[in-house]
There are 2 protein chains.
Amino acid sequence: MIRTPSIRGTTGFALAKVCKSHRVNVATILAEVGLHVGQDMLLAELWEQDGLRGGELAVRLNVEPPTVTKMLRRLQTCGLVERRQNPDDARSFRVHLTDKGRALRDPVAHCWQRAEEKTLASLNPKERQTLHGLLTKIRGDFAPGSTGE
Amino acid sequence: MIRTPSIRGTTGFALAKVCKSHRVNVATILAEVGLHVGQDMLLAELWEQDGLRGGELAVRLNVEPPTVTKMLRRLQTCGLVERRQNPDDARSFRVHLTDKGRALRDPVAHCWQRAEEKTLASLNPKERQTLHGLLTKIRGDFAPGSTGE
DNA sequence: TAGAATTACTTAGCCGGCTAATTAATATCC
DNA sequence: GGATATTAATTAGCCGGCTAAGTAATTCTA
């Protein structure tokens, strides 16, 4: 029997739709602090660990190097990050947050909380925890029981 | 108390990361049939219901009208869709699949199955069902042509 | 050690997205 | 009916993404 897959109605489709919705929510709220969606993710890596190389950022963000090149140029123009020479390797460079970039951490965190609340509005706390656990399991990450910090 | 939200480790962050990963998976596999990621979603709406207006596509895809304009121009150039005049309203138009566009349905469905398998590789069937249920519940908030907000 | 391969990043150009401003057609109101 | 508002779609320009191709520095290798 030839089971024509229904496309819509697959888990991947639902995931894509939820992702899109969440991205719109984040973008809308993030505009209030003057950031474009995507830039927050790069800054988040630097808030976690300052001074990463460009290539390391690409790997952690799961994007290609040219994407990092362009994003850094704009973030640098905005005065949020700066590049410093890497004494160990003249090919690469290290990206450091400016004071202005560091100052955005809490406002952006607040944006994310609001966007998350909007995206997950229809789930109760237990469902949210289940979802969180499944997502972290997909990521191959850990902390399945830890409720944030 | 001074609980500085950790940004990373939130459900929204995990969702964004999983979304990104899945999008990369879809993009990679979708390239085999000559589509860019995003075009599959537009075609999926037409596979579901042919002859939608441009604005209806924008609403269903949760994107802005200019995005639809550009995507349609490219899909039209590729010979996948065609525009037809709307006799009821000369401002708008209706988008119809070509035979070539219709023929992509099953190949794309297969791409999605593969991408989904890759994205959800670490989940067992029961976990996948749970995830599917949660995503569907989230979508229930804004999917059924509701007022959205 | 000189040349070849590899690595790290940039450039150019495209596509999916967005906002702001514009155009054309329809609907509304005086 | 004519002026006005509203709606549907487009254009222009930007940002986040990509691939392909190029450049410069490092490493490998003969």
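So that the names make sense, note that chain A is the first sequence line, chain B the second, and so on, each numbered from 1. As the structure is a prediction and not an experimental result, all values here were calculated from the model.
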(request) Go through the structure and list residues passing side chain to side chain donor-acceptor pair (under 3.5 Å) with T10(B), not counting sequence neighbours. (result) none
Who passes salt bridge (Lys or Arg N to Asp or Glu O under 4.0 Å) against [X], sequence neighbours left out?
X	value
K20(A)	none
D88(A)	none
R53(A)	E56(A)

(request) Please collect all ring-ring contact (aromatic ring centres under 6.0 Å, His included) contacts where either partner lies in residues 60-102 of chain A, sequence neighbours excluded, each pair once. (result) none
Is the backbone N or O of [Y] less than 3.5 Å from a side-chain atom of [X], with the two atoms forming a donor-acceptor pair by type?
X	Y	answer
D50(B)	L97(B)	yes
R128(B)	L123(B)	yes
S122(A)	K137(B)	yes
K100(B)	C78(B)	yes

(message) Reading DNA chain D in the 5' to 3' direction, which nucleotide is the first one with an atom under 4.0 Å from a heavy atom of chain A, and which is the last?
(response) dC15(D) to dT26(D)
(message) Show every disulfide bond (SG atoms under 2.5 Å apart) that has at least one partner inside residues 16-56 of chain B, sequence neighbours left out.
(response) C19(A)-C19(B)
(request) Give every residue pair that meets the side chain to side chain donor-acceptor pair (under 3.5 Å) criterion with at least one member in residues 63-78 of chain B, sequence neighbours excluded. (result) Q76(B)-R83(B)
(request) Please report, rounded to the nearest Å, how far the C1' atom of dT10(C) is from the CD atom of E64(A). (result) 14 Å
(message) In whole Å, I'd like the distance from the CE atom of M71(A) to the P atom of dC9(C).
(response) 15 Å
(message) Reading DNA chain D from 5' onward, which residue's closest nucleotide shows up sooner: T67(A) or V68(B)?
(response) V68(B)
Does anything in [range] reach DNA chain C, meaning a heavy atom under 4.0 Å, and if so which residues?
range	result
residues 20-33 of chain B	R23(B)
residues 89-96 of chain B	D89(B), A90(B), R91(B)
residues 42-60 of chain B	none

(message) Testing the basics here: between T98(A) and G79(A), what is the closest heavy-atom pair and its distance to 0.1 Å?
(response) OG1-O, 2.6 Å
(message) Any base atoms under 4.0 Å from D88(A), or only sugar-phosphate, or nothing? Heavy atoms, all strands.
(response) nothing
(request) Quick one: label V37(A) by what it contacts on the DNA or RNA (base, sugar-phosphate, nothing), any heavy atom closer than 4.0 Å. (result) sugar-phosphate
Only distances under 3.5 Å count here; give the side-chain donor-acceptor pairs of residues 28-42 of chain B to other protein atoms, sequence neighbours excluded, each with its distance to 0.1 Å.
unit_1	atom_1	unit_2	atom_2	d
T28(B)	OG1	V24(B)	O	2.8
E32(B)	OE1	R114(B)	NH1	3.1
E32(B)	OE2	R114(B)	NH2	3.2
Q39(B)	OE1	H36(B)	N	2.9
D40(B)	OD1	G38(B)	N	2.9
D40(B)	OD2	W112(B)	NE1	2.9

